[in-house]
Amino acid sequence: MDYDIAQFEEKLIELSDLERLGFGICLLERALPMFYAFQAETNHAGMGEVMASLAACWKTMEDGRWGEPAFLTSNECEKVMPDSEDYDSFYTSAALDAVDICCSLLDFIHAKDIRSIVAATQVQLDTLDLATQRLLDEDGVGDDHRLVQGPTSLLSLELNRMQDDLFFLAASSAQSEPLASQLRRRVLELNYRQIELIRRAE
């Protein structure tokens, strides 16, 4: 399925820095479950770093204080990125990309560079595009895995979510409730922490 990253960049330009971070948090909330699935299969380390990255993002959303978190830098987070040559898990690539998104968001908190959010968006789309292609490949792992929504709909579903997130964030300033509260409720109500890729039942 084709997508144009420029369309997201154009809409992100129209948002405030806090709203851009909110968009990044939505991406990360949907990316991390596959890192957790990878960890469960491989016992790879890094849970503390990715959760600290997410916590740093939410803290910035809540108190509006920008700057690199004292307890974690993007360079430190990058060290827990799995090496694809060391693992044969179906989730390896998605786990690597989840850490990449963590690093991009930490960079954004530090420098407020919109390119970090655009990079995170590209990584998320590339992850799901690759997963879709692998699942549709008769010679790949398609017989051992399935998608909750079906292989052709995963990327489409994420594109729709991204568009909806951008619309939601653009409209958030009209609400009296703090953005962090609005976003927290959205993440929970839309179940962004549900894993999309699961193993076929034995």
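Side chains are part of it too, since the values below use all heavy atoms of this structure and drop only hydrogens, waters and symmetry mates.
Tyr91 has its side chain out of reach of Gln39: every pair of non-hydrogen atoms, C-beta onward, lies at least 4.5 Å apart. The side-chain heavy atoms of Phe8 and Val118, taken from C-beta on, include no pair separated by under 4.5 Å. The side-chain heavy atoms of Cys102 and Leu54, taken from C-beta on, include no pair separated by under 4.5 Å. The shortest distance between side-chain heavy atoms of Leu21 and Cys57 falls below 4.5 Å. Contact annotation: the side chain of Asp107 never approaches that of Asp113 to less than 4.5 Å [non-hydrogen atoms, C-beta and beyond]. Looking at heavy atoms from C-beta onward, Thr92 lies out of side-chain contact with His44 at the 4.5 angstrom threshold. Residues Tyr36 and Leu32 form a side-chain contact, since some pair of their non-hydrogen atoms from C-beta on lies under 4.5 Å apart. Phe167 has its side chain out of reach of Lys11: every pair of non-hydrogen atoms, C-beta onward, lies at least 4.5 Å apart.
Listed for the Gln163 side chain is no donor-acceptor partner under 3.5 Å among the backbone atoms of Asn160. Ser181 places no side-chain N or O within 3.5 Å of a backbone atom of Glu177 that could act as its donor or acceptor partner. In terms of modelled atom types and a separation under 3.5 Å, the side chain of Gln124 and the main chain of Thr121 share no donor-acceptor contact.
Using a 3.5 Å distance cut-off with no hydrogens or angles, the side chains of Thr127 and Asp97 do pair a donor with an acceptor.
Applying the salt bridge (Lys or Arg N to Asp or Glu O under 4.0 Å) rule to Glu62 yields the partners Arg184; only residues at least two apart in sequence or on another chain are considered.
A salt bridge between Glu49 and Lys79 is absent, with no side-chain N of the basic residue lying under 4.0 Å from a carboxylate O of the acidic one. Note on Arg30 versus Asp165: salt bridge recorded, some NZ/NE/NH1/NH2 to OD/OE distance being below 4.0 Å.
Atoms CG and CG, on Leu128 and Leu157 in that order, are 9.0 Å from each other to the nearest 0.5 Å. Remark: Ser93 OG to Leu130 CG distance equals 4.5 Å, nearest 0.5 Å. Within the model, atoms CG of Leu18 and OG1 of Thr60 stand 8.5 Å from one another, a figure rounded to the nearest 0.5 Å.
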**Study point:** Verdict with supporting geometry, Gln7 and Asp4, side-chain contact (heavy atoms from CB on, under 4.5 Å)
**Key:** CA-CA 6 Å; Gln7 66 178 309; Asp4 182 6; 4.2 Å; yes
Practice item. Please step through side-chain hydrogen bond (donor to acceptor under 3.5 Å, both in side chains) for the pair Ser172 and Gln182, ending with a clear verdict. Key: CA-CA 8 Å; Ser172 64; Gln182 296 180 55; 5.0 Å; no
Practice item. I would like to know whether Glu78 and Val99 meet side-chain contact (heavy atoms from CB on, under 4.5 Å); could you show each step before the answer? Key: CA-CA 7 Å; Glu78 187 177 356; Val99 178; 5.6 Å; no
Point to revise | Residue pair Arg20, Asp17: steps toward the salt bridge (charged side-chain N to carboxylate O under 4.0 Å, His left out) verdict | key: CA-CA 5 Å; Arg20 291 169 188 165; Asp17 286 330; 3.1 Å; yes
Point to revise | Check against side-chain contact (heavy atoms from CB on, under 4.5 Å), Leu125 and Glu158 | key: CA-CA 8 Å; Leu125 291 172; Glu158 180 61 17; 4.3 Å; yes
Point to revise | salt bridge (charged side-chain N to carboxylate O under 4.0 Å, His left out) assessment of Glu9 paired with Arg115 | key: CA-CA 8 Å; Glu9 185 170 9; Arg115 290 175 294 182; over 6 Å; no
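Across every non-hydrogen atom of Ala45 and Phe35, the tightest pair is O-CZ, 4.0 Å. The minimum heavy-atom distance linking Ser53 with Leu72 is given by the pair OG-CD2, 3.3 Å.
Tested against Glu29 for a side chain to side chain donor-acceptor pair (under 3.5 Å), the candidates Gln194, Arg193, Arg186 yield a single pass: Arg193. Applying side chain to side chain contact (heavy atoms under 4.5 Å, CB included) to Ser104 and the options Leu106, Asp100, Ile101 leaves one that passes, Asp100.
Hydrophobic cluster membership is shared by Trp58 and Met47, with clusters built from Ile, Leu, Val, Met, Phe, Trp and Tyr side chains linked at under 4.5 angstrom. In terms of hydrophobic clustering, with Ile, Leu, Val, Met, Phe, Trp and Tyr side chains grouped at heavy-atom distances under 4.5 Å, Ile5 and Met162 are assigned to a common cluster. Taken together through direct or relayed side-chain contacts under 4.5 Å among Ile, Leu, Val, Met, Phe, Trp and Tyr, Leu105 and Trp66 form part of one hydrophobic cluster.
Checked against the 6.0 Å centroid threshold, Phe38 and Tyr87 count as a close aromatic pair.
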